[in-house]
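Scroll down for the structure; my scribbles are underneath it.
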2 protein chains.
Amino acid sequence: MTTRRDAVHDTLRGSSGFRSAQDVYAEMRLHGAKIGLTTVYRALQALADGGKVDVLRTDEGESVYRACATDAHHHHLVCRKCGRTVEVAGPAVERWAEMVGSEHGFTEITHTVEVFGTCSSCSTPSRTV
Amino acid sequence: MTTRRDAVHDTLRGSSGFRSAQDVYAEMRLHGAKIGLTTVYRALQALADGGKVDVLRTDEGESVYRACATDAHHHHLVCRKCGRTVEVAGPAVERWAEMVGSEHGFTEITHTVEVFGTCSSCSTPSRTV
DNA sequence: CGCCAAAATGAAAACGGTTGTCAAAGTCTC
DNA sequence: GAGACTTTGACAACCGTTTTCATTTTGGCG
């Protein structure tokens, strides 16, 4: 019963960056997979629940998923142009979040950190904004 | 011609935490304001563009807005239960983001940091929602 | 003051991603 | 093979947001 879920996971692992659910669905169909959009969504959610993949919200409100290279907590550095993603660990940030939270009496602290930038390949001195 | 936009801004300032567009709209109507949903959205966007308000995406993908107390760059510590928000400055995080980015050859680095937790008032062990 | 043009407004429809529904198909156990 | 339970997927419903477009308001100018 996890065959389709595995297929989704595999597709995700075959990609380098974040993919949207629709994106994953489209690719799977292209490769001949017989799967429905609904199932892709469900698989992605299950995967995310199990910590198998990362979930991120784009600025447009779309959920994007990515198979993590590591199980450990980490953040992402995403190129805003080409979408290239680098996983980064940030012990300093973890501590900072904890500290800031407890300083204000907050408990069960979680945090979201995303760093966006323009990667070297995309920052060639062309006339782009 | 910014009267309605000001009204939206005022409503936002009269609130303590983040409000969704629909929320703001509902409140304005309650108070008798003659304004359309569309206009609220447009005003909110204009305000956000001008840096007058903060925009955040909730986990559900909804955009929430808040009148900033300060113009300076800052982050938010949000209670996941009551929505109480504290503005926090994090020089350490700014530096960390810059460092991580440049370490990987990224430029024009921006970052999103949100810290969620349960505030002291909401963390009473028994009487929870 | 009256008139035209540009900007703003708002009701409703369109949109896009996501989630729910529900019947059909698959799986497992006995 | 039968029966019970789970998973699947086509499709519709949802929901927040954006677009459309006709109408209203505002501002400038003769």
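Scope of the values below: all heavy atoms of this structure, side chains included, with no hydrogens, waters or symmetry mates. Lettering of chains follows the sequences in order, A, B, ..., and the numbering in each one begins at 1.
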(message) Using whole Å, what does the distance between atom P of nucleotide dG10(C) and atom CD1 of Ile35(B) come to?
(response) 6 Å

(request) Provide, to the nearest angstrom, the distance between the NZ atom belonging to Lys34(A) and the P atom belonging to dG26(C). (result) 13 Å

(request) May I ask you to verify if any side-chain N or O of Thr39(A) is less than 4.0 angstrom from the OP1 or OP2 atom of dT8(D)? (result) no

Which protein N or O atoms sit under 3.5 Å from an N or O of nucleotides 14-20 of chain C?
{"unit_1": "dT18(C)", "atom_1": "OP1", "unit_2": "Ser63(A)", "atom_2": "N", "d": "2.8"}
{"unit_1": "dT18(C)", "atom_1": "OP2", "unit_2": "Tyr41(A)", "atom_2": "OH", "d": "2.3"}
{"unit_1": "dT18(C)", "atom_1": "O5'", "unit_2": "Tyr41(A)", "atom_2": "OH", "d": "3.3"}
{"unit_1": "dT19(C)", "atom_1": "OP1", "unit_2": "Gln45(A)", "atom_2": "NE2", "d": "3.4"}
{"unit_1": "dT19(C)", "atom_1": "OP2", "unit_2": "Gln45(A)", "atom_2": "NE2", "d": "2.6"}
{"unit_1": "dG20(C)", "atom_1": "O6", "unit_2": "Thr38(A)", "atom_2": "OG1", "d": "3.2"}

(request) Kindly assign one of parallel, tilted or perpendicular to the pair His75(A) and His111(A), based on the angle between their ring planes and the thresholds 30° and 60°. (result) tilted

(message) What's the separation between atom OH in Tyr65(B) and atom NE2 in His9(B), rounded to the nearest 0.5 Å?
(response) 13.5 Å

(request) Go through the steps for Tyr41(A) and Gln22(A) under the test side chain to side chain contact (heavy atoms under 4.5 Å, CB included), then give the verdict. (result) CA-CA 8 Å; Tyr41(A) 272 103; Gln22(A) 315 256 354; 2.9 Å; yes

(request) Report the C-alpha separation of Leu77(A) and Phe106(B) in whole Å, then their side-chain angles, then the decisive distance to 0.1 Å, and conclude whether the side chain to side chain contact (heavy atoms under 4.5 Å, CB included) test is met. (result) CA-CA 9 Å; Leu77(A) 172 57; Phe106(B) 283 57; 3.9 Å; yes

(message) Classify the ring geometry of Phe18(A) against His76(A): parallel below 30°, tilted from 30° to 60°, perpendicular beyond 60°.
(response) perpendicular

(request) To the nearest Å, give me how far apart CG (Asp6(B)) and C1' (dT26(D)) are. (result) 15 Å

(request) Could you list the residues that satisfy salt bridge (charged side-chain N to carboxylate O under 4.0 Å, His left out) with Arg13(A), not counting sequence neighbours? (result) Asp10(A)

(message) In whole Å, I'd like the distance from the CG atom of Leu44(B) to the P atom of dT17(D).
(response) 9 Å

